[in-house]
Amino acid sequence: MAKESNLDAKRHSLSHLMAMAVLEMYPKTKLGIGPTIENGFYYDFDLPGGNGRKIAEEDLPKIEKRVKELIKSKLDFQKKIITAAEAKKLFKDQSYKLELIKELQKTKEKISVYETGSFVDLCAGPHIKNTSEIDPESFKFTKLAGAYWKGSEKNKMLTRIYGIAFENKQQLDEYLRILEESEKRNHVLLGQKLGLFMISEEVGQGLPLWLPKGALLRQILEDFIIQKYLKNGYDLVRTPHIGSEKLFSISGHLTNYKEGMYSPLEVEKEKYYLKPMNCPMHLMIYKNSPKSYRDLPIRYAELGTVYRYEKSGVLHGLTRVRGFTQDDGHIICRKDQLEEEIEKAIKLTKDVLETFGFKDFRVALSVRDPKNKKKYLGSDELWKESENMLAKGIKKAGWDFEIEEGEAVFYGPKMDIKVKDSLGREWQISTLQVDFNLPERFDIDFINEKSQKERPFMLHRALLGSLERFIGVLIEHYAGAFPVWLSPIQISIITVNESHKNYAQEVFSLLNENGIRATLDEDNQTVGKKVREAKINKIPYIVVIGDKEIAAKNINITNTRTEKSETKTPEEFIKDILEEIEEKK
RNA sequence: GCCGGAGUAGCUCAGUGGUAGAGCAGUGCUUUCGUAAAGCAAAGGUCGUGAGUUCAAAUCUCACCUCCGGCUCCA
């Protein structure tokens, strides 16, 4: 009977049992809501104040134990439909429930409650019939967190207990294993271990510093993406980090995006802002000279560093920072070119993302909220046309997409691409947006075939998103073991003893001359130790040089990813590794 | 910003009111070694910052800073 479809009901029922246990242990607790979420459930509690009694992480096992007892006592879940008056009486001490009842009254929905033993909760269901359906070893209360009532910053913060639950212990263990694996891939820890980046309190929150190996990795990525741009008809531009108040007034950022910007610097009575976006400056470049219809499309690209004020609580490693470099591009084109430009941009995005071994994509097409058209700039026709063009482009790339109503920004529809990494976790990476606003604000134009001024269309797009974030995702995706073309150090050359130094030097120089990134480890240490060092640093190839290699004029190569060793001449190895780098395997 | 937890050597951590500790890394010496840790030695600290309580504070109190897990936010 207990099939997969039943899992949500089990999770939801567990949230009720959790509330029941908490209420037993802390009788004056006020209950918020307790829904199911991906992989589990939560319940929000407003714990009795005054005596300072709060739930701590250590209390979770106790609550868990009590819930297991409740499960074993085979309680029924019974649904009852009651009137608003009855509900108000029943939940007279539960202020949050009373609030919910009032809302239900407004929408004239039926009010239902579920009874489990002595516990009653306002709930639409569905639930399981009896707690015996739940495997007592299939769930775990995982963490404690603060959460605003109804998700609004203005409301009181409640204590939320999260739980995860599955059909059985095996599934739970499998999920816990993935969590553990995620922790091993944590890019903040790996970034430190591998010497890629650091964040310094003195420099500031959300402002990562690139260490030599990380800076090299980033340079490799930058070179890669720049070459892609040049081959795809983009013009590189470069713009400053700060811009005057005038610029951001024209762009509208000072009226619409001020909370996201750093406070201005004042120089000679003029205010300058750190740029939160590159678009205004790219538009100034467009305006630098008159444009003909024959000049279009124009595709500007820049690895543009922007600064945005993000609340301190949201900052995280490389994935959420205050200063970051976007691989930013703006395409300005005629209306008749828009469809093709969208298609090309999507195709390029796909091509770039697939280079990194991302195979699963989730594409969201954000369109207007049809009930609230006033919120948006641009005519119905424009919206419809550009939404269709985006949809067509996505389909041509062979992707499915989900339409997200009301998720579009006020100036135009957009598509966002999330990739699934090697552990199946999703990351927001690329974006493509149509902009009806900035061409207007900056009053950009081109001269058409009839010698008349015409307003062009504009697209924003970022393929990697931000380099910081993208590298953060790559670290987790590859668990720090980058493919050879990305590895800051590709080979560790290890000598067996001092007498092998000369030949090792020769091999090192040869690799170096061929543009291969090797290090020479001639430390006075055992081979085992030096191999360990190389493996910890996730260097893809280890070359060991001793008497045998010197005698045979070859080298012994171990691929640390496959653990396979082979012997080749240095020239053969160089040829093979250069091929591997070229193919970006 | 809000709720909860944490901050001790470069890293991982021990230390609950009485002289600040270990392992690893780094340095020096010995060893010259064949695929995940050779041996010995010396060195390494404003115990996040500031104030307070105390004869005495890493330890207790308060404020602040930073980090971690969430919430909210991310035109």
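Just the heavy atoms: all of them, side chains too, but no hydrogens, waters or symmetry mates, feed the values below. Just so we're on the same page: letters track the sequence lines, and every chain starts at 1.
With sequence neighbours left out, the ring pair (Phe, Tyr, Trp, His ring centres under 6.0 Å) criterion links A/Tyr43 to A/Phe45. Taking A/Tyr309 as the reference, A/Lys311, A/Arg322 meet the side-chain contact (heavy atoms from CB on, under 4.5 Å) condition, with sequence neighbours excluded. Residues meeting the ring pair (Phe, Tyr, Trp, His ring centres under 6.0 Å) test with A/His282, sequence neighbours left out: A/His330. Residues satisfying the side-chain contact (heavy atoms from CB on, under 4.5 Å) criterion with A/Thr562, sequence neighbours excluded, are A/Asn559, A/Lys564. Qualifying salt bridge (charged side-chain N to carboxylate O under 4.0 Å, His left out) partners for A/Asp327, counting only residues two or more places apart in sequence or in other chains: none. Under the rule for a side-chain contact (heavy atoms from CB on, under 4.5 Å), the partners of A/Ser152 that lie at least two apart in sequence or sit in another chain are A/Lys154, A/Asn155. Checked against side-chain contact (heavy atoms from CB on, under 4.5 Å), A/Thr142 has the following partners two or more places apart in sequence or in another chain: A/Tyr162, A/Ile164.
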Next item on the list: Assign a letter to each nucleotide of nucleotides 65-75 of chain B from its 5' end: B, base within under 4.0 Å of a protein heavy atom; S, sugar-phosphate only; -, no contact.
Entry: SSSSBBBBBBB
Donor-acceptor pairs under 3.5 angstrom involving side-chain atoms of residues 312-321 of chain A: please list them, not counting sequence neighbours.
{"unit_1": "A/Thr319", "atom_1": "OG1", "unit_2": "A/His316", "atom_2": "O", "d": "3.3"}
{"unit_1": "A/Arg320", "atom_1": "NH2", "unit_2": "A/Glu310", "atom_2": "OE1", "d": "2.8"}

Hey, can you pull the donor-acceptor pairs under 3.5 Å for the side chains in residues 544-553 of chain A, sequence neighbours left out?
{"unit_1": "A/Asp547", "atom_1": "OD1", "unit_2": "A/His500", "atom_2": "NE2", "d": "2.7"}
{"unit_1": "A/Glu549", "atom_1": "OE1", "unit_2": "A/Gly546", "atom_2": "N", "d": "2.8"}

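The separation between A/Ile542 atom CD1 and B/A37 atom C1' is 14 Å, rounded to whole Å.
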For nucleotides 27-30 of chain B, print each protein N/O atom paired with a nucleotide N/O atom at under 3.5 Å, atom names and distance only.
{"unit_1": "B/U30", "atom_1": "O4", "unit_2": "A/Asn524", "atom_2": "ND2", "d": "3.3"}

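Within residues 545-558 of chain A, the residues approached by RNA chain B to less than 4.0 Å at the level of any non-hydrogen atom are A/Gly546, A/Asp547, A/Lys548, A/Glu549, A/Asn556, A/Thr558, in residue-number order.
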